[in-house]
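Note that these values count all heavy atoms, side chains included, but never hydrogens, waters or copies made by symmetry.
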Amino acid sequence: MLARVRNWFDPREVHETGQTPDYRFSLANERTFLAWIRTGLAMIGGGLVVAQFLPPMAVPHMTKILGVALILLGVGCALRAVDHWIRCEIAMRNNRPLPPSRFPAMLAIVVALGSLALLVEVFVDLYRAR
């Protein structure tokens, strides 16, 4: 694990292992990395907006909780992006299958749960407005 983290900052070791893959695969891997980074940045920005600019919700502190959760998801996305990029690059260079990832499914579940929390908030707010 520590060796992979070291590769995040100094990928020379990655480029010395195995054989250089077709550059198109490396570029596709990099585009995937950048897409995950954009997703992480969007979550961080959304979390800041939710925490700072949404009015208080019916459930106490819900805006702060959702904002912090989005920011943490964004941080997780960014860290996962670089780790997955390194793992895929090493696999391609060693002619091995790409590593499986549970992260997209986990992220989808967390986003769905957050959406359900917001839906509950909307219904609680509607009920109180009556």
Atom pair CZ/CZ of Arg80 and Phe33 - distance to nearest 0.5 Å: 12.5 Å
Would you say that more than 12 heavy atoms from the other residues, nucleotides or ligands in this model lie under 6.0 Å from the CZ of Arg96, or not? yes
Find out if a path of hydrophobic residues (ILVMFWY) with successive side-chain heavy-atom gaps under 4.5 Å connects Met62 to Val49. no
How close do Pro55 and Thr63 get, counting heavy atoms only, and between which atoms? O-CG2, 3.4 Å
Side-chain contact test, heavy atoms from C-beta onward, threshold under 4.5 Å: evaluate it for Arg93 versus Ser26 and give yes or no. no
Would you mind reporting whether Cys77 and Phe103 have side-chain heavy atoms less than 4.5 Å apart? yes
Cluster question for you: counting only ILVMFWY and a side-chain heavy-atom cut-off of under 4.5 Å, with indirect links fine, are Val75 and Phe9 together? yes
Measuring from Leu113:CG to Leu118:CG, what's the distance to the nearest 0.5 Å? 11.5 Å
Minimum heavy-atom separation for Arg24 and Arg31, please, with both atom names. O-NH2, 4.5 Å
Taken to the nearest 0.5 Å, the spacing of Leu70 CG from Ile65 CD1 works out to 12.5 Å
Could you check if a side-chain atom of Gln52 sits within less than 4.5 angstrom of a side-chain atom of Lys64, using non-hydrogen atoms only? yes
Are side-chain heavy atoms of Trp85 and Trp36 found at a separation under 4.5 Å? no
Give a yes-or-no answer on whether the side chains of Arg87 and Ser101 include a donor-acceptor pair shorter than 3.5 Å. no
OG1 (Thr32) and CD1 (Ile37) are apart, to the nearest 0.5 Å, by 12.0 Å
Exactly one of Leu107, Leu72, Leu48 clears side chain to side chain contact (heavy atoms under 4.5 Å, CB included) with Met43, and that residue is Leu107
When you group the ILVMFWY residues by side-chain heavy-atom contacts below 4.5 Å and let the links chain together, are Leu126 and Leu119 in the same group? yes
Atom OG1 in Thr17, atom CD1 in Ile90: separation rounded to 0.5 Å? 7.0 Å
How long is the gap from CG on Leu79 to NE2 on His84, to the nearest 0.5 Å? 14.5 Å
With a sphere of 6.0 Å drawn around CG of Asn95, does it hold more than 12 non-hydrogen atoms of other residues, nucleotides or ligands? no
Closest non-hydrogen atom pair between Val50 and Leu66, with its separation: CG1-CB, 4.0 Å
